[in-house]
Protein chains: 2
Amino acid sequence: MISMLQPEKPVRGPIERSSTSAKVAEYLRQRITDGTLKPGQRINELTLAAELGVSRSPVREALAMLAGEGLVRVTPYKGTFVTPLSRERFRDLLDFRVALEQFAVRRAIERATPKELQRLAAVIDEMREHARSGNFLGAVESDLRAHEVLVSMAASPLLEQTFQQLLGEFRLYIAATIRHYEGIDELATEHAALLAAIRARRRSRAVSIIERHIVHGFAGALEELA
Amino acid sequence: MISMLQPEKPVRGPIERSSTSAKVAEYLRQRITDGTLKPGQRINELTLAAELGVSRSPVREALAMLAGEGLVRVTPYKGTFVTPLSRERFRDLLDFRVALEQFAVRRAIERATPKELQRLAAVIDEMREHARSGNFLGAVESDLRAHEVLVSMAASPLLEQTFQQLLGEFRLYIAATIRHYEGIDELATEHAALLAAIRARRRSRAVSIIERHIVHGFAGALEELA
DNA sequence: TTGCTAATCATTGCCGACAATCGACAATGA
DNA sequence: TCATTGTCGATTGTCGGCAATGATTAGCAA
């Protein structure tokens, strides 16, 4: 079923691997971050190869790439496993994400263009609209997109790459704790406040808003995990 | 010449790939970070495989892992190349490194144990001794080790992994600009000041010291690059 | 039944070979 | 002279197979 392979996502890090293994890698990223492949689950090379209609070689290369990105763990002769969840890991992800986004905010204040700020505003509007109409998942997606836009405003490829990687793993936890999210109505409000602080170039205020937004937003999820 | 392969480094991220490809990966990391393989240089799979006495499969898997880590770039049917240097990239590395280490400093102030602080002090002594005896490379290595210790004090696996990755690429630039480093005598002094600030739990002071230390230390190198 | 040992099976690690593609150079034509 | 096209060698991408390792289960003895 080669048709299951998506047409090689154009924007995903610096990699442009030989279409086949690149497609397998992208396929696996999808399956991992959307929860089809669960944390800790084993990935059988032969099964996967048959499923995608390719041989094991590109599959193994794809797995090696994902191992390099940290999405899976490989134990020699035992197998490849989706990186498992843990409360400590989530705590670490949260803390590190706060650090990354604070950096993003500081840089955004220095170098964001009006156009980019406008784009962020548009995403926030979208978020507000989703919240108003009760579209829970839509609001969460908009929230994530807003964070991506914020990070892109920092104009740092390294930050961007690191954040994308982190966000991939982060989605695992979002998927696993989705029921613990409350107060999506506040999401847009908080983002709007952040945007205002960035526009006003109020560094310390913006930095503390983003921290509160992230920590507060996932406090419940952290509490209920394992 | 299988003997050229190092005995699978135990501490290097989450990976424990099937010894052979893991060894090849480690071998390549060495060659890349010590400058034997220069930025932009092509890596020939067949040559490398023959050189190490293995087949192309583990070589390709190793290259895929390094691609995931960002050390090399793969272009389909054209080849694998060591990630090239650029002034913009160095600028980005510096900025991002500052952000990471500032995070590390803040966390270290909160949770560093006396034992860890003592270990850092020992490395600084070592650094001072190297500088005094004119051991240039030794002092630079001690400096890097001090930064690693600092980062480890933050007790954040994500930070640690990200920093290690960044440091790998950073070494490329250090190797390329090694002649532009002056004032190694000040290195130990600056680290000592940082350690004192951490011990005194003076957050903002420690954060600004680490920033100055990094930015100032590589200003000359940045200037002279390309 | 329980615990240990050994054989069996599934799965991964590695290899050699073949197909696909690229880059360079020569041949052709305007 | 220059651009275009065709060919060839080199290199990469993929495949199927075999060996090595780990997990499972069957067999046996206490």
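Chain identifiers are assigned alphabetically (A, B, ...) following the order of the sequence lines, protein sequences preceding nucleic acid strands; residue numbering begins at 1 within each chain. The figures here come from the full heavy-atom set of this structure, side chains too, leaving out hydrogens, waters and symmetry mates.
Residue B/V24 comes nearest to B/A62 through the heavy atom pair CG1-CB, 3.6 Å, listed as atom of the first residue, atom of the second, then distance.
Within the structure, ring-ring contact (aromatic ring centres under 6.0 Å, His included) contacts touching residues 142-168 of chain B (residues at least two apart or in different chains) are B/H147-B/H191, B/H147-B/H213.
Around the CZ atom of B/R119, the shell of radius 6.0 Å holds no more than 12 heavy atoms that belong to other residues, nucleotides or ligands. The number of heavy atoms from other shown groups lying within 6.0 Å of CZ (B/R106) is above 12.
Side-chain atoms of A/S57 lie closest to D/dG16 of the nucleotides C/dG13, D/dG16, C/dC14. Checked against D/dT12, D/dG17, D/dC15, the side chain of B/R60 finds its nearest nucleotide in D/dT12. Considering only side-chain atoms of B/R56, the nucleotide from D/dC15, C/dC14, D/dT12 that sits closest is D/dT12.
Rounding to whole angstrom units, CZ of residue A/R73 and P of C/dT12 are separated by 18 Å.
Residue A/S55 places none of its side-chain N or O atoms closer than 4.0 Å to OP1 or OP2 of D/dT14.
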For nucleotides 7-11 of chain D, give me every protein contact, N/O to N/O, under 3.5 Å, one pair per line with atom names.
residue, atom, partner, partner atom, Å
D/dT11, OP1, B/N44, ND2, 3.4
D/dT11, O3', B/R42, NH2, 3.2

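Electrostatic pairing of A/R171 and A/D34 does not count as a salt bridge here, judged by no charged N lying under 4.0 Å from a carboxylate O. A salt bridge does not link B/E141 with B/R145: none of the charged nitrogens is closer than 4.0 Å to a carboxylate oxygen.
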